[in-house]
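Shown next, in C-alpha cells, is the structure this report addresses.
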Amino acid sequence: MSNPYGPFGQPVTAAAPGLAERAREALDAAHAVLVQDFPPDPGQYIAFLRELGTPLENYGAGSSSPAYTLHPNINVVRCTPAAAETARVQEQGGPLPPHSARAFAARRPRYIAMYMANPGWPAPAGQSGESIVVRWSRALQHMAREDPRRYARDYRLLSQTPVTITAAHVADEWATTPIIYPLPGTGSEASVGVRYSLALLGQLPAQHMDDALRDEYRAAVGRLAEAAASPDVQFTYQAKAGDILILDNNRFAHGRLAFPRSRPGQRGNTEVNPRELWSVTVG
C-alpha cells in the first residue's frame, strides 16, 4: 500500500480534541484506526475504549498467569522468564499468523484494540515484532483469483459448516456457527465476518463431521490461512510506544512478525525482551 498507515488512514493524536468522536468516525468509515501518543495508563486506556463500546473481561480471568493481572479488561502480551517451550504462544517471540480475537466466543467482540506499551529491543525490519493486519475480504479475493472454481467450493464449505472452537480458562459461551458469517446490514460477500483461530486445525478431530468432510474442510481452512499469510494482502506496521491499533474484529485479522525473545546478558544471565502490548476486546 502506498499509504504508510495502510488501512488505518491518517492517525489520530491522543491529545487532539474529540479523540473518541474522531476514532468512532474512522472506525465507521474504514473499520480501523491508529491512535498515537496515548499515555501508558491502564485506567485511561480502558476509559477511552469504553467510549467506543464495552471492554470485555480478559479471557484469562480464570488463569493465574501474570498476563491477566494488570487490569480485568487487559490481556498483557509480553515475554516471560519461563522457558520458551512452556510459555504461551504469544510469549515465545515467534510469529503469530493472522487470526481473530475470541474466535471461540458466541458473543463476537466488535473491536480488538492493541496498545504498544513497550516496543522492545530495536531489530532489523521484519524481525522486530511488527503488527500484521489483514482485511478478510482481501484474503477471500486472493483465494478467488488463485482458483475461482475451488474458491466457490471453499467459500460454501466455510460459510455453511458449523464448528466449535474452545479455549482454556474461558467462561464464554462457545460459538457454534460457521467461521465465515454475514454481517448485519450487508449483503455483499466482501462484507462478511470471519472468526479464525490458530487452534482450529488442531481441533478439527473434535468436530461433528465425517472423515471426508473433515478432510475437505481442513484443506479449505488451510487455503484461507495461506491467503491471509500472502504478502499481497498483509499490511505490516511497526507500532511505537503509545500507539493504539484498533480493528473491526469481524472484518480484520491481526498477528505479528517474530522478534528476539531473549539474549545473553553482560553478567552471564539471560535478558528477556521487554516488548509489551496491552490487548483488549471491545463489544
Side-chain angles (χ1 to χ4, degrees), residues 31 56 59-60 88-90 94-110 112 132-234 247-256 281 283:
H31 311 296
L56 305 180
Y59 55 77
R88 298 185 307 158
V89 63
Q90 300 98 321
L96 287 178
H99 60 285
S100 307
R102 293 188 187 235
F104 51 78
R107 181 186 180 187
R108 304 300 309 130
R110 185 175 183 184
I112 172 71
I132 296 173
V133 175
V134 173
R135 192 182 289 272
W136 282 117
S137 61
R138 296 193 67 201
L140 294 173
Q141 291 164 4
H142 180 84
M143 292 173 68
R145 289 193 299 269
E146 290 286 300
D147 189 326
R149 185 172 298 180
R150 187 178 65 191
Y151 166 72
R153 294 195 300 269
D154 287 349
Y155 185 88
R156 184 167 57 251
L157 196 62
L158 298 177
S159 64
Q160 296 181 5
T161 308
V163 295
T164 302
I165 303 165
T166 62
H169 307 295
V170 171
D172 296 56
E173 176 187 354
W174 306 131
T176 57
T177 54
I179 65 167
I180 296 180
Y181 48 91
L183 294 175
T186 66
S188 168
E189 188 171 300
S191 299
V192 296
V194 176
R195 59 179 190 97
Y196 176 72
S197 167
L198 301 179
L200 177 56
L201 286 174
Q203 293 187 6
L204 281 183
Q207 307 299 320
H208 296 291
M209 304 177 186
D210 60 42
D211 289 344
L213 175 58
R214 187 174 290 107
D215 289 345
E216 291 180 23
Y217 192 90
R218 180 180 291 107
V221 168
R223 285 189 283 269
L224 175 63
E226 289 175 6
S230 169
D232 293 341
V233 305
Q234 286 191 352
L247 300 169
D248 184 311
N249 188 51
N250 294 295
R251 293 178 169 87
F252 282 94
H254 67 281
R256 72 159 189 241
T281 49

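- Here the shortest heavy-atom pairing between Leu224 and Val194 reads CD2-CG1, 4.4 Å.
- Listed by chain and number, the residues in a salt bridge (charged side-chain N to carboxylate O under 4.0 Å, His left out) with Asp211 are Arg214 (sequence neighbours excluded).
- Qualifying side-chain hydrogen bond (donor to acceptor under 3.5 Å, both in side chains) partners for Asp154, counting only residues two or more places apart in sequence or in other chains: Arg223.
- Closest approach of Gln234 to Ala229, counting heavy atoms only: NE2-CA, 3.3 Å.
- Annotation: side chain of Ile179 is in contact with side chain of Tyr217 (closest heavy-atom distance under 4.5 Å).
- In terms of the side chain to side chain contact (heavy atoms under 4.5 Å, CB included) criterion, residue partners of Thr166 (sequence neighbours excluded) are, by chain and number, Thr164, Trp174, Gln203.
- Other residues, nucleotides and ligands place more than 12 heavy atoms under 6.0 Å from the CZ atom of Arg218.
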Applying side chain to side chain contact (heavy atoms under 4.5 Å, CB included) to Asn249 and Thr281, what does each step give before you reach the verdict? CA-CA 8 Å; Asn249 188 51; Thr281 49; 5.7 Å; no

Between Tyr155 and Leu140, does a side chain to side chain contact (heavy atoms under 4.5 Å, CB included) hold up when you go through it step by step? CA-CA 8 Å; Tyr155 185 88; Leu140 294 173; 4.3 Å; yes

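- The side chain to side chain contact (heavy atoms under 4.5 Å, CB included) test applied to Ala105 returns Arg102, Arg108, Asp172, not counting sequence neighbours.
- The two residues Arg195 and Tyr181 have their closest heavy-atom pair at N-CE2, 3.7 Å.
- Panel note: side chain Gln160, backbone Pro178; no donor-acceptor pair is recorded below 3.5 Å.
- Taking all atoms of both residues into account, the shortest heavy-atom contact from Ala227 to Met143 is CB-CG, 3.5 Å.
- With sequence neighbours excluded, no residue forms a side-chain hydrogen bond (donor to acceptor under 3.5 Å, both in side chains) with His142.
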Leu157 and Leu213: side chain to side chain contact (heavy atoms under 4.5 Å, CB included), yes or no, with the steps? CA-CA 9 Å; Leu157 196 62; Leu213 175 58; 3.4 Å; yes

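- Here the side chain of Ser137 pairs no donor or acceptor atom with the backbone of Arg251 at under 3.5 angstrom.
- Closest approach of Ile112 and Ala101 over heavy atoms only: CD1-CB, 3.9 Å.
- In this structure, Val221 and Tyr196 have side chains that are in contact, with non-hydrogen atoms separated by less than 4.5 Å.
- The side chain to side chain contact (heavy atoms under 4.5 Å, CB included) search around Arg153 returns Arg149, Arg150, Arg156, not counting sequence neighbours.
- Residue Leu247 holds its CG atom at 10.5 Å from OG of Ser100, rounded to the nearest 0.5 Å.
- For the atom pair Ile165 CD1 and Gln207 CD, the distance stands at 7.5 Å (nearest 0.5 Å).
- Although no hydrogens or angles enter the test, the distance criterion places a donor-acceptor pair under 3.5 Å between the side chain of His99 and the main chain of His254.
- Side-chain contact between Pro109 and Leu56 is present, with heavy atoms from C-beta onward closer than 4.5 Å.
- Val134 and Ala139 get closest at one heavy-atom pair: CG1-CB, 4.3 Å.
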